[in-house]
Every structure is written in structure tokens, then in C-alpha cells.
Amino acid sequence: METDVGATTSEEANGSRAEKKPTVIFVLGGPGSGKGTQCAYIVEHFGFTHFSAGDLLRAEIKSGSENGLMIKSMINEGKIVPSEVTVKLLRQAMEESGNDKFLIDGFPRNDENRAAFEAVTGIEPAFVLFFDCPEEEMERRILNRNQERDDDNIETIRKRFKVFLESSLPVVQYYESIGKVHKIDAARPIEEVFESVKAVFTSINEKDD
Ligand SMILES: Nc1ncnc2c1ncn2[C@@H]1O[C@H](COP(=O)(O)OP(=O)(O)O)[C@@H](O)[C@H]1O
Ligand SMILES: Nc1ccn([C@H]2C[C@H](O)[C@@H](COP(=O)(O)OP(=O)(O)O)O2)c(=O)n1
Ligand SMILES: [Mg+2]
């Protein structure tokens, strides 16, 4: 079965065939704040399907698609790839998954990302996890990451930090203004960070009961 993440049809909009939209949680935080690491734990404990926007873009480069070279050069410059490309990859991945609970990490990274996702899928996030971490700590973590990523070099890291401050933080602030952000102190050991993450998910589950 495919998961319905398309824009609402008129039939659905008038209520005759309303299907429940999937639950989406956005996981945000600067480069190296620990998004991917914590998502792996959340998947294990809470049954979500995890998609990293960055991983989907890197897979697209590897696949040799016609957009690959453009994506590669943007990532190597620390820039944000046009939303059209990223939203299409996310939507496809969600549809193919068959699940209806998603953690989307590293997205939305700017306001254009946010608006495009909403327009294409009709989905608003249930909430946003924001991993708050000082730049020096994020830099240390990335330089020790060893994932052989072309963008994990000091020059590109500095560009990514700048883009994070200028384009991504405003998205976090937007979600804060509508009361959707759970801010986590990410500058602690992995297990301690996860205790705080777990508390967020547990309290949400209790509210739903
Ligand atoms: N709380 C933490 N303390 C120390 N190192 C961490 C912590 N969380 C993640 N790391 C390490 O830091 C690096 C970046 O983590 P990652 O999950 O890839 O971050 P992001 O997806 O936000 O860029 C990885 O090598 C990871 O093992
Ligand atoms: N929504 C997104 C997410 C990532 N990208 C690009 C630009 C980012 O610098 C790279 C890497 O993103 P990724 O989330 O994998 O990086 P970190 O895990 O935060 O270190 O991918 C994008 O263009 N748009
Ligand atoms: Mg990551």
C-alpha cells in the first residue's frame, strides 16, 4: 500500500473521501548537532520511519540522475538545494514507505523548503524537535565524523554554519512562534540527549491516549 502524501483532491477536501494525513515530525539543528544520531534512537523506540533530506540528496547524486551534478556542487558550497528537488525526493520516499509516521531530519532548512513541503503534501508537522548546540561543539563533531563527506571540511563547514544562522534558524523561530518547537540541549552525551528526546515523545503519546 502506498502512503497518501499528495495534495488534497477536491473529493477529499469536501470530506467524502477524507484520508488521514501522515504524522510528520521535523528534526532540526545545526550541522553536527546530532540529528541523525538521535533519529536512529527514535526509530528504534517509537516506530517512526526516518528520512534525512541530506541523505536523500546524496543518494540522488550517486544515482547519476540529471540533477546530480547541480546537487553536488550546491552541497559542496554549503548551499541549500532548490526545494522542488528535495520535496520531490521526500514525497517519493514517504509514499514508498507504507508507514504513516515520519521523522524528517535536516528539513525544512529555509522558508522556501517549509512552504514548498506544505504546498505539495498538505502536511504540517505535529511538532519540531530542535537540537540546540554551540558551534564549537558542532565543528568538533563534524571534523570527527569520518563519513567521507565532501562537505565535512573546515571551509564548507563555516559556510554551512552561516547558512544555518541566516536561513534555517528563522524557520525554527517561525515554528516557535506557533508553539510547535521542543528545544533540546544537544551539547550533552548522546544518552542524556536521548533521555530528553524520549520525554518529549512519551508526553505526546500520553496526551493522545
Ligand atoms: N551528543 C553527542 N555527543 C558527542 N558526539 C555526538 C553526539 N551526537 C552525535 N555525535 C557525533 O557527532 C557527529 C555528528 O552527528 P550526526 O548525528 O551526524 O549530526 P547531524 O545529523 O546533526 O549533522 C557524529 O560523528 C556523531 O557520532
Ligand atoms: N533540506 C535540505 C537538507 C540538506 N541539504 C543539503 C545542504 C546541506 O548542507 C547538505 C547536508 O545536509 P545534512 O542534513 O546531511 O547535513 P548535517 O547532517 O546537518 O550535517 O545537504 C539541502 O540542500 N536541503
Ligand atoms: Mg545528518
Side-chain angles (χ1 to χ4, degrees), residues 24 26-44 50-62 67-91 93-94 102-118 120-121 125 128-172 184-198:
V24 166
F26 288 144
V27 181
L28 303 178
S33 58
K35 302 180 293 297
T37 302
Q38 294 296 324
C39 282
Y41 282 94
I42 299 168
V43 165
E44 246 177 63
H50 168 219
F51 294 117
S52 150
D55 285 350
L56 290 172
L57 290 166
R58 285 184 287 274
E60 189 69 359
I61 298 173
K62 277 214 177 118
N67 280 326
L69 282 179
M70 178 273 288
I71 298 172
K72 189 178 164 80
S73 74
M74 293 201 77
I75 287 183
N76 290 351
E77 279 300 307
K79 292 184 179 151
I80 298 170
V81 173
S83 302
E84 191 194 340
V85 172
T86 315
V87 170
K88 190 171 155 208
L89 292 172
L90 282 170
R91 183 180 173 182
M94 289 165 73
F102 301 100
L103 286 175
I104 300 188
D105 128 35
F107 183 98
R109 256 181 160 88
N110 60 13
D111 194 60
E112 190 211 345
N113 268 184
R114 184 192 65 70
F117 185 85
E118 218 174 286
V120 168
T121 66
V128 173
L129 276 185
F130 170 52
F131 291 119
D132 189 27
C133 194
E135 219 170 84
E136 313 83 70
E137 175 64 15
M138 296 196 286
E139 185 176 302
R140 243 191 317 272
R141 290 181 188 177
I142 297 174
L143 291 173
N144 285 317
R145 178 151 59 181
N146 288 329
Q147 285 179 354
E148 293 178 15
R149 278 173 50 172
D150 292 344
D151 59 342
D152 281 355
N153 62 79
I154 193 65
E155 197 189 333
T156 311
I157 291 169
R158 297 263 153 88
K159 290 181 183 163
R160 288 156 67 196
F161 285 155
K162 188 163 184 285
V163 168
F164 173 69
L165 290 178
E166 288 174 357
S167 304
S168 310
L169 263 188
V171 177
V172 177
I184 310 273
D185 174 6
R188 296 173 293 158
I190 293 175
E191 295 73 19
E192 271 183 45
V193 176
F194 187 59
E195 284 305 311
S196 302
V197 169
K198 218 162 46 181

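All ligand and atom numbering here is 1-based and tracks the order in the structure.
- Residue contacts with ligand 1 do not include Gly29, since none of its heavy atoms lies under 4.0 Å from the ligand.
- Nearest-residue assignment for atom 11 (C) of ligand 2 (options Arg149, Lys79, Glu112, Lys35; heavy-atom criterion): Arg149.
- Here the protein heavy atom with the shortest distance to atom 27 (O) of ligand 1 is Thr37 OG1, 4.1 Å.
- Distance CD1/Ile142 to OG/Ser33: 8.5 Å, rounded to 0.5 Å.
- Using a 4.5 Å heavy-atom threshold, the side chains of Val24 and Met94 count as touching.
- Nearest to atom 18 (O) of ligand 1 by heavy-atom distance, out of Arg145, Arg141, Gln38, Glu137, is Arg145.
- Under a 4.0 Å criterion applied to the non-hydrogen atoms of Arg58, ligand 2 contributes the atoms 11 (C), 15 (O).
- Side-chain atoms of Arg109 and Val171, non-hydrogen and from C-beta on, never get closer than 4.5 Å to each other.
- Of all atoms in ligand 1, listed by their number and element, those nearer than 4.0 Å to a heavy atom of Gly36 are 17 (O), 21 (O).
- Rounded to the nearest 0.5 angstrom, His50 NE2 and Cys39 SG are separated by 4.0 Å.
- Each of the atoms 1 (N) of ligand 1 lies under 4.0 Å from some heavy atom of Pro189.
- Contacts with ligand 2 closer than 4.0 Å are made by no heavy atom of Val163, backbone or side chain.
- The structure places CZ of Phe51 at 11.5 Å from CG of Asp105, a figure rounded to the nearest 0.5 Å.
- Proximity of Ala187 to ligand 1, defined as any heavy-atom pair under 4.0 Å, is not found for any part of the residue.
- Annotation: Gln147 places no N or O atom under 3.5 Å from an N or O atom of ligand 1; distance criterion only.
- Short contacts between ligand 1 and Gly30, defined as distances under 4.0 Å to a heavy atom of the residue, involve ligand atoms 22 (O).
- Under the 3.5 Å distance criterion, the side-chain polar atoms of Arg160 are left unmatched by any main-chain donor or acceptor of Gly30.
- For Asn113, every heavy-atom contact with ligand 2 shorter than 4.0 Å involves the side chain, none the backbone.
- The proximity of Arg145 to ligand 2, defined as any non-hydrogen pair under 4.0 Å, is limited to the side chain.
- Against a heavy-atom cut-off of under 4.0 Å, Ile75 is close to the following atoms of ligand 2: 6 (C), 21 (O).
- The aromatic ring centroids of Phe26 and Phe117 lie less than 6.0 Å from each other.
- Regarding atom 20 (O) of ligand 2, its nearest protein heavy-atom neighbour is Arg160 NH2, 2.8 Å.
- Residue Ser33 places at least one N or O, backbone or side chain, under 3.5 Å from an N or O of ligand 1.
- Annotation: atom 19 (O) of ligand 1 to nearest protein heavy atom, Gly34 N, 3.2 Å.
- In this comparison of Glu77, Lys159, Arg109, Arg114, the heavy atom closest to atom 4 (C) of ligand 2 sits on Arg109.
- For Met74, the heavy-atom gap to ligand 2 stays at 4.0 angstrom or more.
- Which parts of ligand 2 touch Ile80 is read off a 4.0 Å heavy-atom cut-off, strictly below it: atoms 23 (O), 24 (N).
- Residue-level proximity to ligand 2 for Val81 is carried by backbone and side chain together, each with a heavy atom below 4.0 angstrom.
- Looking at Arg188 against ligand 1, only its backbone comes within 4.0 Å, counting heavy atoms.
- The protein atom (non-hydrogen) at minimum distance from atom 7 (C) of ligand 1 is Ile190 CG1, 3.4 Å.
- For the pair Ile142 and ligand 1, the shortest N or O to N or O distance does not fall below 3.5 Å.
- Of the inter-residue distances, the one linking Ile80 atom CD1 with Glu166 atom CD reads 10.0 Å to the nearest 0.5 angstrom.
- In this structure, the side chains of Phe131 and Val197 come closer than 4.5 Å at one or more pairs of heavy atoms.
- To the nearest 0.5 Å, atoms NZ (Lys79) and OG (Ser167) are separated by 12.0 Å.
- Side-chain contact between Tyr41 and Thr37 is present, with heavy atoms from C-beta onward closer than 4.5 Å.
- Residues Asp150 and Lys72 are paired through a salt bridge, judged by an N-O separation under 4.0 Å between the basic side chain and the carboxylate.
- The nearest heavy-atom contact from the protein to atom 2 (C) of ligand 2 is Gly106 O, 3.5 Å.
- Residues Ile184 and Asp132 form no side-chain contact, since every pair of their non-hydrogen atoms from C-beta on lies 4.5 Å or further apart.
- Under the 4.0 Å criterion applied to side-chain N and carboxylate O atoms, Arg141 and Glu137 are assigned as salt-bridge partners.
- Minimum interatomic distance between Asp152 and Ile157 (heavy atoms only, all atoms of both residues): C-CD1, 4.0 Å.
- The nearest heavy-atom contact from the protein to atom 5 (N) of ligand 2 is Leu57 CD1, 3.4 Å.
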